[in-house]
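One structure is given below, encoded as structure tokens.
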Number of protein chains: 2
Amino acid sequence: MSREKEITIYDIARELDLSAATVSRGLKDHPAINKQTKKKIADLATKLGYRSNNFASNLRKQRTNTIGVIVHELNSQFITSVLAGIEKVTTEANYDLIIGHSSETFKKEAANAMNLFHKRVDGLIASLAYDTEDLSHFEPFAKKGIPVMFFDRVFEQSETTKVVINNYKAGYEATAHLAAQGCKRIAHITANLKRNVYAERLNGYRQALLDNRLSYDEKRVLVNDLSEEASAKAARQVLAMKPMPDGVFITNDFCAAVCMQVFKDAGKRIPQDIAVVGFNNDAICKIVEPKLTTVNYPGIEMGEIVARNLINHLHGVSNIHLTNTIIIKSELIIRESSMKKQT
Amino acid sequence: MSREKEITIYDIARELDLSAATVSRGLKDHPAINKQTKKKIADLATKLGYRSNNFASNLRKQRTNTIGVIVHELNSQFITSVLAGIEKVTTEANYDLIIGHSSETFKKEAANAMNLFHKRVDGLIASLAYDTEDLSHFEPFAKKGIPVMFFDRVFEQSETTKVVINNYKAGYEATAHLAAQGCKRIAHITANLKRNVYAERLNGYRQALLDNRLSYDEKRVLVNDLSEEASAKAARQVLAMKPMPDGVFITNDFCAAVCMQVFKDAGKRIPQDIAVVGFNNDAICKIVEPKLTTVNYPGIEMGEIVARNLINHLHGVSNIHLTNTIIIKSELIIRESSMKKQT
DNA sequence: TTTGAAAATGCAACCGATTGCATAAAAAAT
DNA sequence: ATTTTTTATGCAATCGGTTGCATTTTCAAA
């Protein structure tokens, strides 16, 4: 209720008959300060409830020890695990984190970028929104020499550093698996092909079809925004295809779960009538029936790697401008939804 | 690559032959500054790529215009929508947001609280972690007169302001609905009863049983941590009860989804053999089969209300110490998982 | 032309921590 | 006892906006 006076190093200095400089050094364990003096300072600081003023400190140091993160959405297992990985590394390195989310819109992504820019983060980690078309909103960072790293949703052609999985390979393996299960007409439900992850998976899908002597048919590729409504619509489109596909590779687990629901409502059996493979290995995979075959995405590892690289760069240990792309392993997890052939 | 020099108001002042004070006022549209001067300042600022230094500004103003938020987890629809509501209001009021998450642990919650305290947020919004036992980590805020508001997971007995739904009523209605569907042995799967939300729902459950002349049996109440494993275990415990329950009210949709899976694997039909009601109205409700009856939790509204009250308090428009508890409406959404009686 | 009020701008002291350099005190070497 | 080295501490400028108060400029009223 009653606002206490804020304690500063000057208060501590006065009380101990020291200079503010000594208190400042003492508080951060500077080697030139006497051990006992340090203890006296620390004790009094605790007693008075001193808290360091970040603003004064950052103003003077011209650094913030803060890293900004921009993600497209928060409510996904994948993103949450990436954040956990980033947090682990940044906390160890004593950096603070400011997390912003774009709700999949370019507008909010740009607003977040500007916000973090004004907050003067020392570095930025980002995954692009659904409809981001260019990276101009990250240019202020480049101009000021603030490192930016992308993960997952990146611009493949850009010069910035990025951490990704091999989406081409993942798409290839998912599709090849369906082919190996005997599927002859494999559809693909995906999202905005401007996003590298989806474009690459589509490429993998196509190559796997060709390598398995299955024809690639544009009509079997459906693009939507992965919302519940769009997913259901895509599923109905699959059902309406003639002949109906006997397998479908879907680029997102939630979308796949919705599709499965529609397929089952239409009386189709999974995997007998239509086999399904999703992507991400979200918790939902084990809840849907049958359990969903999917591609496991090592989120924590991805977060750790992207954060570690950024911090190494900030510490001058390495230079991210030399390492352009880091590829992380992913793997197909086979469950019932695609097991046409019983083992 | 090449780090540009940072532009300050002094640079602008020098170039326009003005004082820094005038530039400062001009940039923030102070009424005493001539319109044309303002325009000249704004134009040059843009041209030079000026960005205001928050640290200098906050240091001087002794305010941050930032609100901290601590939530227990990010990957839930409910939390995401609360955050959306908070964001909407705070953005309009020109406050920044710093979001921290505790991963359901007291330790990280306390660490987040200290971090936000040192970042000197003007106010704090929080929902407690699974195992938080006391509120001592929020005391520094109280001491400095920084307002703290809780939502959803709160300490009912505490003096702090809180925004909640009527969990008692929600639990009552969910249970009464099962009774109305003809269930005679209704089980309840819930979580840490130290969390008000779960304790209150249990109370509602118990009263509804009594009001429907059904006996309350402690053995039918299972407490777990809502993880996938714990949920499956709880479901198996329900299956093992003799006689087996014919209805179950589960305090969380994800947990309910896992349970349904276990029930179905055991050959039970939902809702014929066992009716299920969940809680939260997450997207998963419409993906499981049959679709899950649940309690809708108005996340966005909750976020808006808690943020609006906090900001009003900060602006001195109202005083949160007068309003102790705000209750928001929730409602039962009936789907197939509980419809024993066909309509 | 003078005067008074209103409008616009400037002065200078903050806010609190950091840090290069100077200095003082204590310990060691001569 | 004196000089050198080591160890501790202090001085004072700096970071970049903000703001109460003073001063100057502008413009209309007398």
Side-chain angles (χ1 to χ4, degrees), chain A residues 3-42 44-45 48-66 94 96 117-122 144, chain B residues 3-42 44-45 48-66 94 96 117-122 144:
Chain A
R3 193 173 291 256
E4 284 181 12
K5 185 183 158 296
E6 202 64 58
I7 306 295
T8 72
I9 53 170
Y10 296 98
D11 298 319
I12 297 176
R14 197 178 328 109
E15 194 141 338
L16 294 177
D17 205 22
L18 288 168
S19 73
T22 302
V23 175
S24 173
R25 294 195 176 98
L27 284 169
K28 57 165 49 151
D29 211 23
H30 190 284
I33 304 297
N34 184 291
K35 269 205 165 190
Q36 292 165 43
T37 310
K38 273 181 194 165
K39 174 133 178 42
K40 279 197 289 182
I41 292 170
L44 186 59
L48 297 179
Y50 166 80
R51 55 171 172 171
S52 156
N53 189 319
N54 267 320
F55 304 118
S57 168
N58 289 340
L59 174 59
R60 173 61 222 244
K61 288 196 296 188
Q62 300 285 71
R63 283 189 299 110
T64 60
N65 252 255
T66 299
N94 205 27
D96 275 336
F117 181 66
H118 284 115
K119 280 216 165 64
R120 304 194 181 213
V121 293
D122 292 339
K144 289 273 191 284
Chain B
R3 194 173 290 256
E4 284 182 11
K5 185 182 157 297
E6 201 65 57
I7 306 295
T8 72
I9 53 170
Y10 295 98
D11 299 319
I12 296 177
R14 196 179 327 109
E15 194 142 336
L16 293 176
D17 205 22
L18 289 169
S19 74
T22 302
V23 175
S24 173
R25 293 195 177 98
L27 285 169
K28 58 164 51 151
D29 210 22
H30 191 284
I33 304 297
N34 185 292
K35 270 206 162 186
Q36 293 166 42
T37 311
K38 274 182 195 165
K39 175 137 177 41
K40 278 196 290 183
I41 292 170
L44 185 58
L48 298 180
Y50 166 79
R51 57 172 172 170
S52 159
N53 189 319
N54 267 320
F55 304 119
S57 168
N58 289 339
L59 174 59
R60 173 62 221 241
K61 287 195 297 187
Q62 301 285 72
R63 283 188 298 111
T64 61
N65 254 256
T66 300
N94 205 29
D96 276 337
F117 182 67
H118 284 117
K119 281 218 164 63
R120 304 193 181 213
V121 294
D122 292 339
K144 287 274 191 284

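Note that the coordinates shown come from a computational prediction; the quantities given were computed from them, not determined experimentally.
Between B:Ala13 and B:Ala20 the shortest heavy-atom distance is CB-N, 3.8 Å.
For B:Gln36 and D:dT26, the CD to P distance is 12 Å, given to the nearest whole Å. If you take OH of B:Tyr10 and P of D:dC15, they are 10 Å apart, rounded to a whole angstrom. Between the CG atom of A:Asn58 and the C1' atom of D:dT14 there is a distance of 15 Å, given to the nearest Å. Rounding to whole angstrom units, CG of residue B:Asn65 and P of D:dT18 are separated by 11 Å. Straight-line distance from the CZ atom of A:Phe55 to the P atom of D:dT14: 24 Å, rounded to whole Å. Atom C1' of nucleotide C:dA17 and atom CD1 of A:Ile41 are separated by 14 Å, given to the nearest angstrom. Straight-line distance from the CD1 atom of A:Ile12 to the P atom of C:dG16: 12 Å, rounded to whole Å. The nearest whole Å value for the distance from the CD1 atom in A:Ile7 to the P atom in C:dC15 is 14 Å.
At least one side-chain heavy atom of A:Arg51 sits less than 4.5 Å from a side-chain heavy atom of B:Arg120. Inter-residue side-chain proximity for B:Tyr50 and B:Leu44 is flagged as unmet; no heavy-atom pair is nearer than 4.5 Å. At a threshold of 4.5 Å between non-hydrogen side-chain atoms, the residues B:Thr64 and A:Phe55 count as touching. Counting heavy atoms from C-beta on, the side chains of B:Leu16 and B:Ile41 come closer than 4.5 Å. A 4.5 Å side-chain heavy-atom check between A:Glu6 and B:Gln62 finds every atom pair outside the cut-off.
For C:dG16, one of the phosphate oxygens OP1 or OP2 lies less than 4.0 angstrom from a side-chain nitrogen or oxygen of B:Gln62. Between A:Ser19 and D:dT9 there is no side-chain N or O to OP1 or OP2 distance below 4.0 Å. At least one side-chain nitrogen or oxygen of A:Tyr50 sits closer than 4.0 Å to the OP1 or OP2 atom of C:dA17.
For A:Thr22, whose side chain is taken as the heavy atoms from C-beta onward, the closest listed nucleotide among C:dG10, D:dT19, D:dT9 is D:dT9. Of the candidate nucleotides D:dG16, C:dT19, C:dC11, C:dT19 has the atom nearest to the side chain of A:Lys61. Of the candidates D:dC15, D:dG10, C:dA17, D:dC15 carries the atom nearest the A:Leu59 side chain, counting heavy atoms from C-beta on. Side-chain proximity of B:Asn53 to the nucleotides D:dG17, D:dC11, D:dT19 is greatest for D:dG17.
With values rounded to the nearest 0.5 angstrom, A:Asn53 atom CG is found 13.0 Å from A:Ile7 atom CD1. Taking CG of A:Asn54 as the reference point, atom OG1 of A:Thr66 lies at 7.5 Å (rounded to 0.5 Å). Atoms CG and CD1, from A:Leu18 and A:Ile12 in turn, are 10.0 Å apart once rounded to the nearest 0.5 Å. Interatomic distance, CG of B:Leu27 versus OG of B:Ser52, reported as 8.0 Å (0.5 Å rounding). Residue A:Leu59 holds its CG atom at 13.0 Å from CZ of B:Arg60, rounded to the nearest 0.5 Å.
The overall bend of the helix from C:dT1-D:dA30 to C:dA29-D:dT2, read as the angle between its terminal helix axes built from five base pairs each, is 50° when rounded to 10 degrees.
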Would you tabulate the pairs of protein nitrogen or oxygen atoms and nucleotide nitrogen or oxygen atoms of nucleotides 4-8 of chain C closer than 3.5 angstrom?
none

Polar atom pairs between nucleotides 22-24 of chain D and protein, under 3.5 Å, N or O only, would you list them?
none

Which pairs, protein N/O on one side and nucleotides 4-6 of chain D N/O on the other, fall under 3.5 Å?
none

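Along DNA chain C, the nucleotide nearest A:Ser57 and the nucleotide nearest B:His30 are compared for position; the residue whose nucleotide lies closer to the 5' end is B:His30. Each of A:Val23 and A:Arg60 has a nearest nucleotide on DNA chain D; the 5'-most of these lies closest to A:Val23.
Nucleic acid contact class of B:Leu27 (heavy atoms, under 4.0 Å, all strands): none. Among the heavy atoms of the strands, none lies under 4.0 Å from A:Asp11. Counting non-hydrogen atoms under 4.0 angstrom, B:Ser24 reaches a base of the nucleic acid.
Side-chain atoms of B:Arg25 come within donor-acceptor range of the base of D:dG20, with a qualifying N/O pair under 3.5 Å.
The list of side chain to side chain donor-acceptor pair (under 3.5 Å) pairs with a residue in residues 19-29 of chain B, not counting sequence neighbours, reads B:Ser19-B:Thr22, B:Asp29-B:Lys38.
B:Asp96 is linked by a side-chain hydrogen bond (donor to acceptor under 3.5 Å, both in side chains) to A:Lys119, counting only residues two or more places apart in sequence or in another chain.
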